[in-house]
Amino acid sequence: MGNETNDGPRDPGSGRLKEQRSKEQGDIVDGIEVRAVGEDEVEAWDRALVVGFLRPHVGRATEFRRRQWKPDRMLGAFDDGRIVATFRSFDAELTVPGGAVVKADAITAVTVTATHRRRGLLRRMMTGDLAAARERGAAVAILIAAEYNIYGRYGFGPATRGHGWNIDLLRAGGLRAGLPTVPGGRIDLVDMAELRKIGPELFDRWRVTQPGVIDRDELTWQRHTGEIEVPGFDWKEPFAVVHRDAEGTATGLAVYKIDDTWDGSYPNCTLTVLDLFALDRPTAHALWSYLFSVDWVRKVSVENVGPDDPLPMLLNEPRAATPHVDNADFMWLRVLDVEAAFSARTYGAPGRVVLEVEDREGYAAGRWAIEVAADGTGRCTRTTDEADLALDASALGTLYLAGETLPRIALAGLVTELRPGAVAAADLLLRRPLLAWNIDGF
């Protein structure tokens with residue numbers, strides 16, 4: 001995430017793949033040094049992060065940040081020994097259309113102190129990190145943008161959307177009768193220790209079925225289940241249920257909290273879904289049925305669910321589900337290795353399309369041919385053939401996971417059709433049955 005509004009003028013030609021990191025990272029410009037943070041400097045870095053995100057000075061998460069520290073992955077800008085900008089990245093596995101995973105450089109904790117805006121600090125940290133990520137073999141970089149207008153200049157484009165629903169249970173009337181369920185299936189409440197045992201393996205089975213999802217490390221599960229307390233984050237132990245099939249195998253889980261609210265002597269509680277994933281639709285039906293039947297609950301708030309999840313259509317009264325106010329862009333993506341990224345995913349129809357990509361940083365610049373076989377597998381290579389479509393690196397990032405349709409991007413003026421009919425043909429090629437969706441912030 002980031003909160004810098006302007007990083008100053010760009011150094012022409014910086015960020016090219018063949019440039020060395022030394023000019024962008026680890027030396028002093030205008031008296032400010034950008035470099036990796038040492039393990040003994042994490043506390044000061046965390047203090048700067050709190051200031052950058054305009055949070056109260058109390059409750060800093062220093063011990064948690066120390067566990068996140070890795071050499072060269074936590075950066076700071078130092079002005080006379082004081083950290084005035086922060087940046088962190090980590091390796092992640094990103095599921096792409098078709099179920100394969102690619103190595104992603106996940107960027108987070110991006111801040112610039114208000115006193116040091118417009119000095120190029122974000123650019124120095126970002127270009128150094130992207131160059132290092134490409135050297136490590138990352139096919140893409142990902143982040144969640146606190147502000148919309150910052151990251152497009154670095155080749156990132158919105159790749160997934162957050163989506164949610166507020167459901168009035170009295171109006172909804174429960175789930176429709178006759179929906180498929182799991183014969184012999186059951187739902188059990190589990191405590192946080194059980195969730196830490198069951199959750200990771202189940203999540204790893206599920207995440208390869210949903211493009212856009214990234215893996216969860218042990219620290220993430222420890223934080224979600226309260227084994228590690230993170231000051232500044234108001235964690236309270238939630239409820240958790242696991243669905244098992246007739247053989248006792250876990251096939252889905254839901255984590256939720258309940259606001260204990262009463263209208264006089266009348267229960268008027270809201271159940272907020274914090275986490276829900278299922279390996280199949282019958283399991284999902286069973287979990288939703290359970291959540292809609294919890295005593296005293298009158299409203300269910302689903303803050304993040306797949307944009308093409310059919311949840312409202314499962315209700316007896318679909319209009320009882322109203323859109324959540326935070327439906328907006330969520331995860332952004334930047335392609336670092338075009339051949340590796342587009343060869344890893346699968347496609348919706350056989351064919352061939354040639355893309356002409358403009359990329360100021362150089363990673364995706366050039367002309368690329370995507371050739372798709374009858375079985376949906378694809379191959380991406382450089383070419384000198386005439387291009388069908390022209391776009392920049394940001395639009396390429398938006399297209400990659402198929403979280404947005406090509407005609408919609410073209411109508412917005414982000415893609416130029418160079419051959420008549422190319423937009424429609426390429427859209428059929430790029431589309432997949434499931435829209436990209438990321439269940440986790442980072």
Side-chain angles (χ1 to χ4, degrees), residues 92-95 98-101 165 167 169 172 174-228 235-258 269 271-297 300-306 308-311 313-316 433-434 437-440:
E93 289 186 351
L94 171 70
T95 302
V101 298
W165 300 98
I167 300 170
L169 295 187
L175 296 188
R176 297 191 342 259
L179 291 172
T181 58
V182 181
R186 56 178 290 170
I187 288 178
D188 299 306
L189 277 161
V190 296
D191 61 22
M192 295 297 100
E194 291 176 284
L195 184 59
R196 278 194 297 274
K197 295 178 182 178
I198 299 169
E201 188 272 339
L202 179 58
F203 184 83
D204 282 344
R205 292 167 59 201
W206 171 77
R207 68 182 171 95
V208 296
T209 70
Q210 175 60 59
V213 172
I214 62 172
D215 60 318
R216 293 179 179 177
D217 60 14
E218 181 182 9
L219 191 60
T220 299
W221 281 104
Q222 290 172 335
R223 176 181 168 183
H224 283 184
T225 57
E227 185 176 13
I228 295 176
W235 186 87
K236 296 180 181 178
E237 183 167 334
F239 298 93
V241 292
V242 171
H243 181 276
R244 295 182 172 91
D245 62 20
E247 287 72 41
T249 302
T251 58
L253 66 79
V255 180
Y256 60 96
K257 64 180 181 179
I258 296 177
C269 301
L271 184 153
T272 300
V273 179
L274 304 175
D275 206 8
L276 188 148
F277 51 89
L279 298 181
D280 51 61
R281 290 310 307 171
T283 294
H285 298 158
L287 288 170
W288 287 122
S289 180
Y290 166 82
L291 294 172
F292 294 159
S293 67
V294 176
D295 289 339
W296 300 351
V297 172
V300 170
S301 176
V302 187
E303 295 181 345
N304 191 10
V305 69
D308 49 7
D309 191 288
L311 178 58
M313 293 187 289
L314 304 180
L315 305 174
N316 280 302
L434 280 178
W437 171 54
N438 180 18
I439 195 173
D440 289 320

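Note that these values count all heavy atoms, side chains included, but never hydrogens, waters or copies made by symmetry. Positions are given from 1, in the same order as the sequence printed here.
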**Prompt:** Hey, mind stepping through Val297 and Ile258 against side-chain contact (heavy atoms from CB on, under 4.5 Å) and telling me if it holds?
**Reply:** CA-CA 8 Å; Val297 172; Ile258 296 177; 4.2 Å; yes
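- Side-chain contact between Leu179 and Trp288 is absent, with no heavy atoms from C-beta onward closer than 4.5 Å.
- Annotation: the span from Asp215 atom CG to Asp440 atom CG amounts to 9.5 Å, rounded to 0.5 Å.
- Looking at Arg176, its side chain does come within 3.5 Å of a backbone N or O of Met313 through a donor-acceptor pair.
- For Asp245, there are no salt bridge (Lys or Arg N to Asp or Glu O under 4.0 Å) partners two or more places apart in sequence or in a different chain.
- Side chains of Thr95 and Gln210 form no contact here, defined as non-hydrogen atoms less than 4.5 Å apart.
- Looking at Asn304, its side chain does come within 3.5 Å of a backbone N or O of Ile439 through a donor-acceptor pair.
- By the side chain to side chain donor-acceptor pair (under 3.5 Å) test, Glu194 pairs with no residue at all, sequence neighbours left out.
- Across all their heavy atoms, Leu195 and Pro200 have their closest contact at O-CD, 3.8 Å.
- Between Asp308 and Pro433 the shortest heavy-atom distance is OD2-O, 3.7 Å.
- Distance alone, capped at 3.5 Å, places no donor-acceptor pair between the Asp275 side chain and the Val255 backbone.
- Within a 6.0 Å sphere centred on CZ of Phe239, other residues, nucleotides and ligands contribute 12 heavy atoms or fewer.
- When Arg216, Met192, Glu227, Lys197 are each tested for a side chain to side chain contact (heavy atoms under 4.5 Å, CB included) with Trp221, only one passes: Arg216.
- Atom CH2 of Trp235 has more than 12 heavy atoms from other residues, nucleotides or ligands within 6.0 Å.
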**Message:** Working note: Leu276 + Leu291, criterion side-chain contact (heavy atoms from CB on, under 4.5 Å); need CA distance, chi angles, decisive distance, verdict.
**Reply:** CA-CA 11 Å; Leu276 188 148; Leu291 294 172; 3.7 Å; yes
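- Heavy-atom minimum distance, Pro211 versus Leu434: CG-O, 3.8 Å.
- Looking only at side-chain heavy atoms (C-beta outward), Val241 and Tyr256 come within less than 4.5 Å of each other.
- In this structure, CG on Leu274 lies 6.0 Å from NZ on Lys257, to the nearest 0.5 angstrom.
- A distance of 10.0 Å separates OG1 in Thr209 from CZ in Phe277, rounded to the nearest 0.5 Å.
- Once rounded to the nearest 0.5 Å, the distance linking CG of Leu219 with NE2 of His224 reads 9.5 Å.
- Put simply, the side chain of Tyr290 reaches to within 4.5 Å of the side chain of Leu189, judged on heavy atoms.
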**Request:** Decide side-chain contact (heavy atoms from CB on, under 4.5 Å) for Phe203 and Val213; before the verdict, give the C-alpha distance in whole Å, the side-chain angles of both, and the deciding distance to 0.1 Å.
**Result:** CA-CA 10 Å; Phe203 184 83; Val213 172; 3.7 Å; yes
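- The two atoms that bring Pro183 and Thr181 nearest to each other are CD-O, 3.4 Å, heavy atoms only.
- What you find for Ala284 and Ala278 is that their closest heavy atoms are N-CB, 3.6 Å.
- Note that CG of Leu94 is 8.0 Å distant from CG of Asn438, once rounded to the nearest 0.5 Å.
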**Item:** Steps toward salt bridge (Lys or Arg N to Asp or Glu O under 4.0 Å) verdict (Arg244, Asp188)
**Value:** CA-CA 8 Å; Arg244 295 182 172 91; Asp188 299 306; 2.8 Å; yes
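- No more than 12 heavy atoms of other residues, nucleotides or ligands lie within 6.0 Å of CZ in Arg186, so this atom counts as exposed by the packing criterion.
- With hydrogens and angles left out, the side-chain atoms of Thr251 and His243 include a donor and acceptor closer than 3.5 Å.
- The minimum heavy-atom distance linking Leu287 with Gly252 is given by the pair CD1-C, 4.0 Å.
- Rounded to the nearest 0.5 angstrom, Thr283 OG1 and Ile187 CD1 are separated by 8.5 Å.
- Side chains of Arg281 and Pro180 form no contact here, defined as non-hydrogen atoms less than 4.5 Å apart.
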**Item:** Residue pair Leu311, Ile167: steps toward the side-chain contact (heavy atoms from CB on, under 4.5 Å) verdict
**Value:** CA-CA 10 Å; Leu311 178 58; Ile167 300 170; 3.8 Å; yes
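- Side-chain contact between Leu315 and Leu175 is present, with at least one heavy-atom pair separated by less than 4.5 Å.
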